[in-house]
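Naming: A, B, ... by sequence-line order, numbering from 1 per chain. Just so it is clear, the values below take in all heavy atoms, side chains as well, and ignore hydrogens, waters and symmetry mates.
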Amino acid sequence: MTTNNPAHEIPKAYEPSAHETDIYKMWSDGGFFAPDTSSDKPPFVIVMPPPNVTGALHMGHALTTALEDLMTRWHRMLGEPTLFLPGADHAGIATQVVVERELKKEGTTRHDLGRDEFLKRVWDWVEKYGSRIYEQNKRLGASCDWSRRAFTLDSGPSRAVRQTFFDLYQKGLIYRGERIINWCPSCTTALSELEVKYSDEDGALYHIRYVLEDGSGDLVIATTRPETLLGDTAVAVNPDDERYSAFIGKTVSLPILGRSIPVIGDEAVETEFGTGALKVTPSHDPTDFEIGERHGLESINIMNLDGSLNEHAGPFAGQDRFAARAAVVERLREDGLLVEVEPYRHSVGHCDRSGDVVEPLVSRQWFVKTAELAAPAIAAVRDRSIKIVPERFEKVYYNWMENIRDWCVSRQLWWGHRIPVWYCDDCEEVNVAVDEPKSCDACGSVALRQDPDVLDTWFSSGLWTHSTLGWPEPTSDLERFYPGTVMETGYDILFFWVARMIMLGMFNNGGQAPFSTVYLHGLILDPEGKKMSKTKGNVTDPLDLADAYGTDALRFALTTGNAPGNDMRLNEQKLEWARNFANKVWNSARFVMMNMDRNQDALEDWSERPTPQHREDRWILSRLGRVADDVNTNMENFQFGDAQKTLHDFIWNEYCDWYIEMAKVRIRAGDLTPLPVLAYVLERALRLLHPFMPFVTEAVWQQLTSRLPEPAQERLGGDGRALIVANYPTLEDGAVDEKAEGEIETVVELVRAVRNLRAEFRVNSSQRIPAVVNSPGMADVMGEEAAAIGALAMIEPLTLGQAEGDAAASLVLKHSTVTVPLAGVVDIDAEIKRLNEELATLARGAKGLEGRLSNEQFLAKAPDAVVEKERERLASLKERRQRVSDILGRLGG
RNA sequence: GGGCGAUUAGCUCAGUGGUUAGAGCGCUUGCUUCACACGCAAGAGGUCGGAGGUUCGAAUCCCCCAUCGCCCACCA
């Protein structure tokens with residue numbers, strides 16, 4: 001990092017790559033990322049959603065990191081101990097699939113390797129690639145406490161998993177049962193409801209005839225999965241359906257297999273759908289499973305775990321499910337039992353990971369009883385102990401939580417937390433324990449076998465807010481940093497993760513919610529508004545963008561200009577806009593430092609608010625104070641986009657376009673009093689901007705503050721003399737001066753008016769013109785600012801007073817009238833026309849206001865302040881109208 | 001079948017009751033002004049998706065409708 005270069009040697013454009021690495025190292029070496037544990041202030045804690053350990057950083061991660069880091073940095077600068085805790089998730093299925101794919105290339109499988117050898121391979125993989133995601137987050141400037149980084153399979157979080165399982169079991173909230181679950185034949189594991197994604201697909205509705213055994217007729221059923229008829233154990237009709245009520249109690253012969261199955265009546269059957277008769281396959285359909293339970297039907301599983309049919313499928317045993325479907329249909333056709341094949345679009349479930357079609361089937365799995373856990377989690381949001389931003393997601397949360405179903409947590413995988421259950425071979429006792437038991441609790445036998453399955457990845461993720469802090473041990477971190485402050489993540493994992501964290505966090509911590517605010521961000525979409533996905537090939541790598549535009553630009557672009565929870569399209573223009581802003585900051589500093597270096601002798605200590613020498617100084621200081629106040633308010637309300645927009649506009653439009661330009665006029669005239677104000681306001685602006693653009697602000701700040709005497713440097717930057725730990729500005733750092741604000745507003749209006757006239761009359765940009773400013777109430781202001789106005793509007797000479805002569809163009813402003821005598825340039829007729837138009841506009845405005853002010857209802861019901869404001873507006877409009885008609889009179893219009 | 005969101009300038013988006021609705025990009029015009037062409041200055045461009053209602057006052061609140069997107073839901 002170059003901190004002491006003379007300003008004229010500073011490059012004209014900000015080059016992110018020349019600074020980012022060094023600055024990050026400086027922060028890291030300085031120890032600024034770790035929370036100050038000596039502080040008495042309540043800490044700010046944000047636990048990073050752990051990315052998949054095998055994954056690469058995508059746009060969603062970049063957004064998460066940008067948002068979490070800006071919150072963290074703001075709180076750090078407020079002097080709060082801040083903990084931004086990073087980590088990674090073992091991501092059960094995802095990781096296992098990746099390694100299995102590797103094995104396949106080598107021509108082997110995990111089964112060939114065996115469990116231990118396979119797990120070794122996965123760990124090797126994690127060793128090799130697991131730190132990639134951390135490095136990527138560092139490139140984004142994440143001010144995480146890396147000394148506390150956690151991995152879900154670390155011993156601490158693993159113990160937390162076993163302890164939670166044990167506690168849930170003790171309270172009867174976890175059980176093992178035979179239930180219908182979603183099975184992925186590719187991953188050969190059970191899935192939870194959430195891991196199944198449904199999509200509408202074209203298929204067929206097969207109408208199949210089931211013949212009554214007493215020869216009295218037949219029933220036609222409709223199904224989308226004809227192969228499952230091999231597992232049918234009944235045919236059901238609605239008991240109120242007159243077409244079929246006579247059949248209830250009879251038996252039909254199951255096509256192909258010829259088994260005798262009963263016709264039953266059940267309310268669940270919709271008379272309207274299909275033929276009104278339903279084949280019942282309790283083993284392979286959730287509705288059928290329930291019907292089976294109600295009627296005590298046998299449940300015949302016809303499928304192997306790889307999706308092929310098993311011995312119960314008779315002639316189709318061994319065939320894959322889709323081949324079997326075709327074969328069954330063919331056989332039905334041959335048997336004359338296929339009545340109709342109706343094209344049919346219906347919803348098909350796919351595995352979230354493999355994309356394979358999911359099969360519902362009955363299987364023995366572990367389930368978490370969620371209703372009891374959900375109740376306090378719902379209450380926590382209702383009583384506002386947890387606030388969801390934006391609020392509309394609370395409704396979504398309630399809806400899901402209030403209809404929550406038991407959570408299948410066992411997975412038939414090898415990579416993950418193995419279920420802490422040991423079965424006794426001798427007495428069949430189920431031993432649930434935190435640590436591996438030596439012998440069976442019931443009979444003392446040592447013939448124990450641990451459950452081969454692992455837990456759903458989201459089970460350990462659900463403990464993340466406290467397992468990372470040492471729970472169940474009563475560590476000082478747990479004591480100090482639980483509950484956390486904000487949980488920031490995408491709305492797409494509200495159910496997967498947030499809901500479960502709230503449930504398990506409260507369960508494990510005596511009902512204490514794991515965080516007080518949930519901030520949900522939207523999705524980053526491609527420029528066409530499409531979701532980014534690998535298969536679509538429209539994925540942009542955030543680090544490529546960071547390379548091209550700088551990390552600050554990427555972060556700024558991702559977090560500005562959209563509201564919480566809304567999706568955002570990202571395009572190059574937006575990144576350019578953000579990059580340009582970083583460059584603007586860089587160059588404004590370059591200007592200030594060049595002037596400081598040039599006038600070193602005159603430079604005073606500007607580390608504290610300088611005494612304003614001029615109206616402009618009072619104005620920019622006042623604006624600084626207001627902006628600081630606005631930004632802090634927006635931050636408190638999680639309106640990050642607004643905070644950044646406010647800063648962008650202040651720095652660019654007010655500080656650069658007006659204050660610097662006005663200051664130039666004085667500096668050129670040899671008045672150096674703007675220098676301390678320029679430096680001070682820039683320094684405070686850098687602090688304000690730091691959470692959003694950490695690198696460029698730190699780079700500039702280091703160079704700027706190196707131009708202060710040592711003691712002042714200390715005072716500015718805290719112990720470390722780094723912006724990252726400087727205090728965040730407040731209203732007091734400026735000083736609201738409404739008078740100065742109003743007066744400069746008038747000056748700005750005047751300068752703009754003259755520029756406008758110049759452009760309209762196509763006055764050569766280098767030609768200075770004369771102007772007369774008539775501003776009775778503001779004469780002293782105009783006098784004092786005359787030099788600046790003259791320079792900025794290219795006026796020469798600037799005369800105060802009443803204009804004379806008629807070959808002139810005039811603009812009537814709020815507090816002044818400016819007249820530019822441009823003999824030979826101004827077309828008087830056109831000028832009269834223009835003024836008449838303006839008169840009409842003013843008259844229209846006045847008429848509207850008069851109407852409103854003569855409305856009794858308005859006077860009676862609107863607040864006094866509003867009425868008063870309208871009166872003032874009307875008076876001002878009338879006064880301006882008078883001035884315009886005076887000018888018209890002079891011109892003879 | 002429910003629910004949510006979006007619909008505002010050519011494009012991408014801010015803006016939740018109080019002047020004449022804002023920004024960036026793009027566009028037009030003029031600037032090699034000693035911080036910045038990743039720049040400066042001036043400008044054009046909108047009946048805020050449609051209809052109705054509440055209100056002194058509606059882009060903003062309510063009702064209905066339309067289009068697009070997302071989420072949830074066991075109709076085989």
Side-chain angles (χ1 to χ4, degrees), chain A residues 7 10 12-14 180 198 205 221-225 228 236 268-270 272-275 277-281 285-290 344 346-347 360 390 392-393 395-396 399-400 403 491-492 494-495 522-523 525 527 529-531 549 553 560-563 565-574 576-595 641-642 645 648-649 656-657 660-661 664 668 752 755-760 762-766 792 794 841 844-845 848-849 852 855-863 865-867 869-870 872-873 877:
Chain A
I10 297 172
K12 285 176 86 166
Y14 170 58
I180 192 142
Y198 292 88
L205 194 56
I221 60 87
T223 180
T224 54
R225 293 183 298 154
T228 61
V269 181
E270 297 276 340
E272 304 294 315
F273 188 88
T275 59
L278 172 70
K279 62 188 270 312
V280 183
T281 323
D285 185 278
T287 308
D288 294 7
F289 180 79
E290 284 170 19
Y344 186 62
H346 63 123
S347 158
R392 65 173 184 270
F393 285 104
K395 209 168 163 184
V396 181
N399 182 50
W400 191 73
N403 298 294
Y491 65 68
D492 52 330
L494 178 61
F495 307 141
L523 270 33
L525 309 173
K530 298 249 162 55
K531 231 171 169 171
Y549 300 95
T560 313
N562 93 327
N566 285 5
D567 294 347
M568 185 177 74
R569 299 186 196 195
L570 189 66
N571 56 34
E572 304 254 327
Q573 285 73 34
K574 190 152 194 191
E576 280 175 16
W577 169 71
R579 178 203 59 188
N580 294 354
F581 180 49
N583 191 57
K584 190 73 179 176
V585 170
W586 177 262
N587 271 292
S588 64
R590 200 162 151 260
F591 169 80
V592 172
M593 290 189 288
M594 279 170 118
N595 280 284
D642 289 346
K645 191 72 187 357
H648 173 273
D649 293 351
C656 290
D657 287 349
I660 284 184
E661 294 306 319
K664 279 178 184 172
R668 276 177 205 151
R752 285 213 169 111
R755 285 171 171 173
N756 182 323
L757 284 176
R758 294 179 58 98
E760 197 171 323
R762 300 185 181 280
V763 179
N764 188 299
S765 62
S766 59
L792 297 176
M794 294 292 283
T841 306
R844 223 177 300 130
L849 280 172
R852 196 173 304 168
N855 182 334
E856 298 288 333
Q857 297 282 9
F858 174 69
L859 295 175
K861 291 183 180 169
V866 172
V867 175
K869 220 169 155 186
E870 300 291 68
E872 282 169 19
R873 275 183 58 213
L877 275 181

What is the distance from atom CD1 of Ile10(A) to atom NZ of Lys12(A), rounded to the nearest 0.5 Å?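 One gets 13.5 Å once the value is rounded to the nearest 0.5 Å.
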Using the [atom1] atom in both, what is the distance from [N] to [M], to the nearest Å?
{"N": "rG50(B)", "M": "rA9(B)", "atom1": "P", "answer": "11 Å"}
{"N": "rG1(B)", "M": "rA58(B)", "atom1": "C1'", "answer": "33 Å"}
{"N": "rA23(B)", "M": "rC34(B)", "atom1": "P", "answer": "28 Å"}
{"N": "rC74(B)", "M": "rU67(B)", "atom1": "P", "answer": "27 Å"}
{"N": "rC56(B)", "M": "rC64(B)", "atom1": "P", "answer": "24 Å"}
{"N": "rA37(B)", "M": "rU20(B)", "atom1": "P", "answer": "40 Å"}
{"N": "rA51(B)", "M": "rG45(B)", "atom1": "P", "answer": "23 Å"}
{"N": "rC72(B)", "M": "rC13(B)", "atom1": "P", "answer": "23 Å"}

Check for a donor-acceptor pair, side chain of [X] on one end and backbone N or O of [Y] on the other, with a separation under 3.5 Å.
{"X": "Arg590(A)", "Y": "Ala13(A)", "value": "no"}
{"X": "Asn403(A)", "Y": "Asn399(A)", "value": "yes"}
{"X": "Arg873(A)", "Y": "Gly845(A)", "value": "no"}

Please classify the nucleic acid contact of [X] as base, sugar-phosphate, or nothing, using heavy-atom distances under 4.0 Å.
{"X": "Lys395(A)", "result": "sugar-phosphate"}
{"X": "Asp657(A)", "result": "sugar-phosphate"}
{"X": "Glu272(A)", "result": "nothing"}
{"X": "Leu205(A)", "result": "nothing"}
{"X": "Tyr344(A)", "result": "sugar-phosphate"}
{"X": "Phe289(A)", "result": "nothing"}
{"X": "Arg762(A)", "result": "sugar-phosphate"}
{"X": "Gly561(A)", "result": "sugar-phosphate"}
{"X": "Lys664(A)", "result": "base"}
{"X": "Glu576(A)", "result": "nothing"}
{"X": "Lys279(A)", "result": "nothing"}
{"X": "Arg225(A)", "result": "nothing"}
{"X": "Pro360(A)", "result": "nothing"}
{"X": "Arg873(A)", "result": "base"}

Would you please name every residue forming a side chain to side chain contact (heavy atoms under 4.5 Å, CB included) with Phe858(A), sequence neighbours left out?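 Listed in chain order: Arg852(A), Leu853(A), Asn855(A), Ala862(A), Val866(A), Val867(A), Glu870(A).
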What base-paired stems does RNA chain B take part in, with at least 3 consecutive Watson-Crick or G-U wobble pairs and both distances under 3.5 Å?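 Listed by first number, the stems are B:1-7 with B:66-72, B:10-13 with B:22-25, B:27-31 with B:39-43.
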Heavy atoms of chain A, cut-off under 4.0 Å: which first and last nucleotide of RNA chain B, 5' to 3', fall inside that, if you could look?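 Listed 5' to 3', the contact boundaries are rG3(B) to rA76(B).
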Could you check Ala563(A) against Lys12(A) and say which one's nearest nucleotide on RNA chain B is further toward the 5' end?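 Upstream on the strand: Ala563(A).
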Mapping Asn756(A) and Ser588(A) onto RNA chain B by nearest heavy atom, which one lands closer to the 5' end?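 In this pair, the answer is Ser588(A).
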Not counting sequence neighbours, which residues clear side chain to side chain donor-acceptor pair (under 3.5 Å) with [X]? List them please.
{"X": "Lys584(A)", "result": "none"}
{"X": "Thr228(A)", "result": "Lys279(A)"}
{"X": "Thr560(A)", "result": "Gln644(A)"}

ring-ring contact (aromatic ring centres under 6.0 Å, His included) involving Phe289(A) - partner list, sequence neighbours excluded: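 For Phe289(A), no residue satisfies ring-ring contact (aromatic ring centres under 6.0 Å, His included) once neighbours in sequence are set aside.
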In chain order, what residues pass the ring-ring contact (aromatic ring centres under 6.0 Å, His included) check against Trp400(A), with sequence neighbours excluded?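 Trp400(A) satisfies ring-ring contact (aromatic ring centres under 6.0 Å, His included) with Phe495(A) only.
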With Arg225(A), which residues qualify under salt bridge (charged side-chain N to carboxylate O under 4.0 Å, His left out), at least two apart?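 If we apply the salt bridge (charged side-chain N to carboxylate O under 4.0 Å, His left out) test to Arg225(A), skipping adjacent residues, the hits are Asp285(A), Glu359(A).
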